[in-house]
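Both ligands and their constituent atoms are indexed starting at 1 by order of listing.
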Amino acid sequence: MSDGTRLSIALQKSGRLSEDSLKLLADCNIRVSGSKGMLKADTAHFPATLLFLRDDDIPQYVADGVADIGIVGQNVLLEKGHAVTEKRPLGFGKCRLSLAVQKHIDYPGLAFFEGKEIATSYPGILGSYLKEHGVQASIHEISGSVEIAPSIGMAEGVFDIVSSGSTLFLNGLKEVEVVMRSEAVLVSRKGLPAEKEAILEKLLARIDAVIQSRQNKYLLLNAPNERLEEVIATIPGVKSPTVMPLAESGWSAIHSVIQEEDFWGSIDRLKALGVQGILVVPIEKMIL
Ligand code: PRT
Ligand code: ZN
């Protein structure tokens, strides 16, 4: 790597992805020194420069090579349609893009929207979806506060981001079709020079370790020896669990790693097998 080569990383300046993006980089030991409000900052201990932008601009900046990589929602990426490479889903900024109508409507299915107006900030994604399903509706593009459109008579439906659903509810709307699910992703420009590709590979290895550790927990428990095989089959861990005899005969201590996803299901199975003293500990980093 030649001196001075830095990977430029486009992040949302201020919004829903900002804190989680910076936290992910910080967990990778990539931090900016400097004050808030900067638009560009070099990172200490890692050859990168952070660029702080509006999320809508990130796909284009990366596609044009102004930034080498970026963190952005899949919804924005798909809407903008720029040619970038999706490298990793990042597990935060999760939401869905949905069609919604007024609560009192007896919704008959997608045919409801035939000949109607739909308000949205995502005309591209909505247009493709309607076309794919053979529905002719007119799309009313607005840049914000989409949810008020039906109550002011601007449209019969809305197409917008939903996460808890409370914004729809507060505006007298109900979700009727989930069109896509989205989360933040790391994207890279095409044709990254080899020196930068090498920096990106290092970053991705760190990100993978951080994401793995977030998705897994370290588990310690005591199991009766006669149920050992079933316990091990329930929590196989990374390679296989550590099994150590307890001072009390007939019992063993087991250490393993368990995935967040099937955590409660596994705990229920373990309890049914008679295990005791379950301890669950967060994992700082996980390198496989
Ligand atoms: O200023 P800039 O252009 O950078 O930011 P922005 O205002 O365009 O985007 P921002 O910060 O609101 O969102 C950035 C990204 O976060 C989005 O592109 C999504 O990928 C993701 N994300 C995750 C969300 C939400 N959850 C979300 N709930 N983006 C927006 N919302 C809004 C939604 O528009 C609606 O108004 O929150 C409301 C719905 O939330 P619930 O919980 O009431 O359903
Ligand atoms: Zn935006």
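Considering Asp42, Asp68, Thr49 in turn, Asp68 is the only one that fulfils the side-chain hydrogen bond (donor to acceptor under 3.5 Å, both in side chains) rule with Ser8.
Only the side chain of Glu147 comes within contact range of ligand 1, with a heavy atom under 4.0 Å; no backbone atom does. Residue contacts with ligand 1, taken as heavy atom pairs separated by less than 4.0 Å, involve Ile161 via backbone and side-chain atoms alike. Using a 4.0 Å cut-off between heavy atoms, Asn75 contacts ligand 1 through its side chain alone, with no backbone atom that close.
The single protein non-hydrogen atom nearest to atom 8 (O) of ligand 1 is Asp55 OD1, 3.3 Å, given as residue, atom name and distance. Looking only at protein heavy atoms, the nearest one to atom 1 (O) of ligand 1 is Arg54 NE, 3.7 Å. Among all protein heavy atoms, the one lying closest to atom 15 (C) of ligand 1 is Leu17 CG, 3.8 Å. Of the protein's non-hydrogen atoms, the one nearest atom 21 (C) of ligand 1 is Gly93 O, 3.9 Å. Summary of contacts: the protein heavy atom closest to atom 32 (C) of ligand 1 is Arg16 NH2, 3.3 Å. For atom 42 (O) of ligand 1, the nearest non-hydrogen atom of the protein is Ser164 OG, 2.7 Å.
When only modelled atom types and interatomic distance are considered, Glu147 and Thr167 share no side-chain donor-acceptor pair under 3.5 Å. In summary, the side chains of Tyr107 and Glu177 do present a donor paired with an acceptor at a separation below 3.5 Å, with no hydrogens or angles considered. Using a 3.5 Å distance cut-off with no hydrogens or angles, the side chains of Glu79 and Asn75 do not pair a donor with an acceptor.
Both the sub-6.0 Å distance and the 45° axial angle are satisfied by Lys116 relative to the ring of Phe112. Relative to the ring axis of Phe92, Lys23 does not place its NZ or CZ within 45° and under 6.0 Å from the centre.
The residue among Leu168, Val185, Thr167, Leu77 with a heavy atom at the shortest distance from atom 43 (O) of ligand 1 is Thr167. When Glu175, Glu79, Gln12, Glu183 are ranked by how near their heavy atoms come to atom 5 (O) of ligand 1, first place goes to Gln12.
Within a 6.0 Å radius of CD in Glu201, more than 12 heavy atoms belonging to other residues, nucleotides or ligands are found. The local environment of CD in Glu197 is crowded, with over 12 non-hydrogen atoms from other residues, nucleotides or ligands closer than 6.0 Å. For Phe263, the CZ atom counts as densely surrounded, since its 6.0 Å shell holds more than 12 non-hydrogen atoms of other residues, nucleotides or ligands.
The shortest N or O to N or O distance between Cys95 and ligand 1 is not below 3.5 Å. Checked against a 3.5 angstrom limit, the closest N/O atoms of Ser166 and ligand 1 fall inside it.
Closer than 2.8 Å to the Zn ion (ligand 2) sit the protein N, O or S atoms Asp55 OD1, Asp56 OD1.
Atoms of ligand 1 found under 4.0 Å from any heavy atom of Val162 (numbered from 1 in listed order, with element): 44 (O). Near Val76, with a cut-off below 4.0 Å to any heavy atom, the atoms of ligand 1 are 18 (O).
Counting all heavy atoms, side chain and backbone alike, Ala184 lies closest to Ile71 at CB-CG2, 4.2 Å. Shown here for Ser163 and Arg96, the closest heavy-atom pair between the two residues is O-NH1, 3.2 Å. Of all the heavy atoms in Arg189 and Gly65, the pair that sits closest is CD-CA, 3.3 Å.
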Report, one line per pair, each donor and acceptor closer than 3.5 Å where one atom sits in a side chain of residues 276-288; sequence neighbours left out.
residue, atom, partner, partner atom, Å
Lys285, NZ, Asp27, O, 3.2

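Using a 4.0 angstrom heavy-atom cutoff, Lys13 does not count as in contact with ligand 1.
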